[in-house]
Amino acid sequence: MEARISLITLGVADLARSHRFYKDGLGLPTSRTPEEGIVFFRTSGATLALFPYDELAKDVGPGWEVPRSKFSGITLAHNVRERHQVDEVLALAAAAGAEIVKPAEDTFWGGYSGYFTDPDGYLWEVAWGASPFNDDGSLQVT
């Protein structure tokens, strides 16, 4: 298996609401609309997809049609190139309707980060200082 994550799909309660949050609120590029049943956002990393939660559970198979817990043990991260951009992205997310669950602060690993939740409660970390960037926008991690 090649070391690659191609697609991250979030099961959402209201596809139109989540589409507005990510497209209009955060400015992620897409050419898809909620009427198509799934929305893909182009990023410099993996593609982010939004799909109705119930439909995603059905696609996985029997027994997965259960309510999401508040904390699934997964966070998504958006790393920025400059420290001040952490605060800017958190402010953008808040203006789009996100809940800031942890304001930005210095971290134990020497960086600066904070967390917000999207309309479905998915946790996003906005971080600076973790690793330098490759030319394609991905992180140089060792």
Side-chain angles (χ1 to χ4, degrees), residues 1-34 36-94 96-142:
M1 179 174 153
E2 292 182 45
R4 176 188 320 112
I5 296 175
S6 305
L7 186 69
I8 296 171
T9 303
L10 302 179
V12 299
D14 183 329
L15 190 56
R17 176 188 68 183
S18 292
H19 177 262
R20 282 190 306 275
F21 176 80
Y22 284 100
K23 180 180 182 284
D24 301 331
L26 298 184
L28 299 186
T30 184
S31 57
R32 302 284 296 241
T33 65
E36 295 173 84
I38 189 169
V39 178
F40 300 104
F41 292 95
R42 294 177 302 279
T43 74
S44 61
T47 297
L48 178 66
L50 305 177
F51 193 59
Y53 182 85
D54 293 339
E55 295 299 315
L56 185 58
K58 285 181 200 171
D59 187 51
V60 173
W64 289 95
E65 301 95 345
V66 297
R68 254 188 80 233
S69 67
K70 183 173 181 175
F71 182 61
S72 64
I74 296 173
T75 63
L76 303 165
H78 175 78
N79 289 69
V80 295
R81 296 176 191 271
E82 304 290 334
R83 179 186 170 100
H84 67 90
Q85 292 174 314
V86 171
D87 295 310
E88 292 170 359
V89 172
L90 288 173
L92 178 68
E99 177 187 352
I100 305 302
V101 295
K102 183 179 180 184
E105 62 183 31
D106 292 321
T107 66
F108 70 91
W109 45 265
Y112 183 67
S113 76
Y115 285 85
F116 70 86
T117 60
D118 77 356
D120 286 275
Y122 289 105
L123 285 163
W124 282 85
E125 179 184 24
V126 182
W128 166 83
S131 301
F133 287 86
N134 293 309
D135 291 339
D136 66 0
S138 63
L139 290 179
Q140 292 178 18
V141 293
T142 55

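In what follows, every heavy atom counts, from backbone to side chain, and hydrogens, waters and symmetry copies are set aside.
In this structure, Y22 and L50 have side chains that are in contact, with non-hydrogen atoms separated by less than 4.5 Å. Under the 4.5 Å side-chain criterion, counting only non-hydrogen atoms from C-beta, N79 is in contact with F133. D120 places a side-chain heavy atom less than 4.5 Å from the side chain of S18. Between P29 and K23, the closest side-chain pair of non-hydrogen atoms is not below 4.5 Å. Put simply, the side chain of D59 does not reach to within 4.5 Å of the side chain of W64, judged on heavy atoms. The closest side-chain heavy-atom distance from W124 to T75 is not below 4.5 Å. Looking only at side-chain heavy atoms (C-beta outward), I38 and R32 come within less than 4.5 Å of each other. Proximity of L26 to F116: side-chain heavy atoms (C-beta onward) are separated by under 4.5 Å at one or more points.
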Please walk me through it: do K70 and T117 pass side-chain contact (heavy atoms from CB on, under 4.5 Å)?
CA-CA 11 Å; K70 183 173 181 175; T117 60; over 6 Å; no

List the steps and the verdict of side-chain contact (heavy atoms from CB on, under 4.5 Å) for T47 and R42.
CA-CA 5 Å; T47 297; R42 294 177 302 279; 5.8 Å; no

Evaluate side-chain contact (heavy atoms from CB on, under 4.5 Å) for F41 paired with H19, printing each intermediate quantity in order.
CA-CA 9 Å; F41 292 95; H19 177 262; 4.2 Å; yes

Does the side-chain contact (heavy atoms from CB on, under 4.5 Å) test come out yes or no for T33 and V39, once each step is laid out?
CA-CA 6 Å; T33 65; V39 178; over 6 Å; no

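Looking at every heavy atom in both residues, P52 comes nearest to G37 through CD-O, 3.4 Å. The shortest heavy-atom contact between V86 and S113 is CG1-CA, 4.1 Å. Closest heavy-atom contact between S131 and V141: OG-CG1, 3.7 Å. In terms of heavy-atom proximity, T30 sits nearest to F40 at OG1-O, 2.6 Å. Here the closest non-hydrogen pair linking P67 and Y53 is C-OH, 3.7 Å. Closest heavy-atom contact between A16 and P34: CA-CG, 3.7 Å.
Under a 4.0 Å N-O distance rule, the pair D14/R20 does not qualify as a salt bridge.
For the atom pair E125 CD and T107 OG1, the distance stands at 8.0 Å (nearest 0.5 Å). Annotation: the span from N134 atom CG to S44 atom OG amounts to 10.0 Å, rounded to 0.5 Å. Atom CG of L76 and atom CG of D118 lie 8.0 Å apart (nearest 0.5 Å). I74 contributes atom CD1, which lies 10.5 Å from atom CG of L123 (distance to the nearest 0.5 angstrom). We find the CG-CD distance between D135 and Q140 to be 8.5 Å, quoted to the nearest 0.5 Å. Rounded to the nearest 0.5 Å, atoms CG (L92) and CD (Q85) are 12.0 Å apart.
Remark: R68 qualifies as a cation-pi partner of Y122 under the 6.0 Å distance and 45° angle criteria applied to the six-membered ring.
Atom CD1 of I5 is surrounded by 12 or fewer heavy atoms from other residues, nucleotides or ligands within 6.0 Å.
D87 and Y112 form a side-chain donor-acceptor contact under 3.5 Å, judged by distance and modelled atom types alone.
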